[in-house]
Amino acid sequence: MSKVLFSSVAYSQYDYQVTLPAKFERLLDQTPLKDMVSGKLTAIKMHVGRGIGFTTIHPLFVKILVERLKGWGAEVFITDQEVSGARVRGYTEELLGCPIVDVCGVTGKYFYNKGVDFKTFKNVDVAGHIHDAEVMIDLSHVKGHGVCGYGGACKNIAMGCVTDRTRQEIHGLEGGIEWIDEKCTRCELCIRGCNHNANKFDENGQYSVFFHHCTYCGHCVKVCPTGAIAMTDANKYEDFQTGMALCTKTVLDLFAPNSVYYINFLTNITALCDCWGMSTPSLVPDIGIAASSDIVAIERACLDMIDYRKLDMQGVPKGYELGTEGHLFQRVHAKDPFVQIGKLEELGLGTQKYEITEVE
């Protein structure tokens, strides 16, 4: 089994030492990071958020991590796909004590191409600042995601350590609904029949589906009077998850053994990814912080900690139709979040068998 360190938000008394930031300090001291980062160029890959979003990882925790790493002799920098909005959420070089840089450079053109071959997914353009780092800390905020169900450590790498071209190719794997132009009368019954605002006709009369919102409920198919819409493969979102796993492996293969470490924050667990540039209420109460050297184990452990029975309906839009089976994220987004975990395991990146070591 792989070891997963965990510190809970639960506390026993009104005392600084039992709060989550203090526990995080003690958790870091139990990781192998001290020996891992000493004298090494160390990238902290995190999502700094966008727009008016406010539920990313609190800057205090990032500051604690940076100070620990620097104290252990690391040369630290923070990086993300785009960092122009970092300051709005308190991520500044002055506060955190290290540079904050765009992962592909200021022009977005600093990358190293690595080929893959999965359907239409052909190019993993690894960001230059990730490629050049000797150690990477995958610092992730756990939340839901409309296409893959769940966004954590895997998504932070697959969508955040690459170029726009690679992201577009992975998103190009989405789908599962076919529209036949010749049969369509543009009656828009399919638009009115969608409970999730996932479809539309553009200004040219072309039908499109936003698969982030789509739950594959089939309402559009059922109400279409001419058979212009058909379900081709309702599980095609699995291709997206496979693409993410392949991209993650390609990035991780660039690092020497024992040079990547994963820290997942199970706080402000919202339905949507932070890239939306807005925040919604949490789906469940805050849980804590997990850390591991095994990406598969930490992702599985985090999903297992999220209990659908603790769902707060304020975390989903009013009138939203929830599913009745599977993980909470599957009930919200109709995509099984465990698919990506299985794909990571199939690629040899870790094991779903884990044991929790709690750090008080």
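Remember, predicted model here, so these are calculated numbers, not experimental data.
Between His327 and Phe329, the ring-plane angle classifies as tilted under the 30° and 60° cut-offs. Taking the six-membered ring where the residue is Trp, Phe61 and Phe265 present perpendicular rings, their angle passing 60° and hence far from 30°.
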Subject >> Intermediate values then yes/no, salt bridge (Lys or Arg N to Asp or Glu O under 4.0 Å), Asp29 and Arg68 >> reply: CA-CA 9 Å; Asp29 289 340; Arg68 272 296 196 273; 2.9 Å; yes
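For Asp15, there are no salt bridge (Lys or Arg N to Asp or Glu O under 4.0 Å) partners at least two apart in sequence or on another chain. Listed by chain and number, the residues in a salt bridge (Lys or Arg N to Asp or Glu O under 4.0 Å) with Lys45 are Asp80 (sequence neighbours excluded).
Sequence neighbours left out, the pairs with a member in residues 269-288 that pass side-chain hydrogen bond (donor to acceptor under 3.5 Å, both in side chains) are Thr55-Ser279, His141-Asp274, His212-Trp276.
The line from CD1 of Ile130 to CZ of Phe111 is 15.0 Å long, rounded to the nearest 0.5 Å.
Between Gln17 and the choices Lys23, Arg26, Glu25, the side chain to side chain contact (heavy atoms under 4.5 Å, CB included) rule is met once, by Arg26.
Residues Leu311 and Leu322 meet the side-chain proximity criterion, which asks for heavy atoms closer than 4.5 Å.
Between the side chain of Glu299 and the main chain of Cys154, a donor-acceptor pair closer than 3.5 Å is present. Side chain of Gln241 to backbone of Gln340: a donor-acceptor contact under 3.5 angstrom is found. Side chain of Asn199 to main chain of Cys190: a donor-acceptor pair is present (N/O by atom type, distance under 3.5 Å, no hydrogens or angles).
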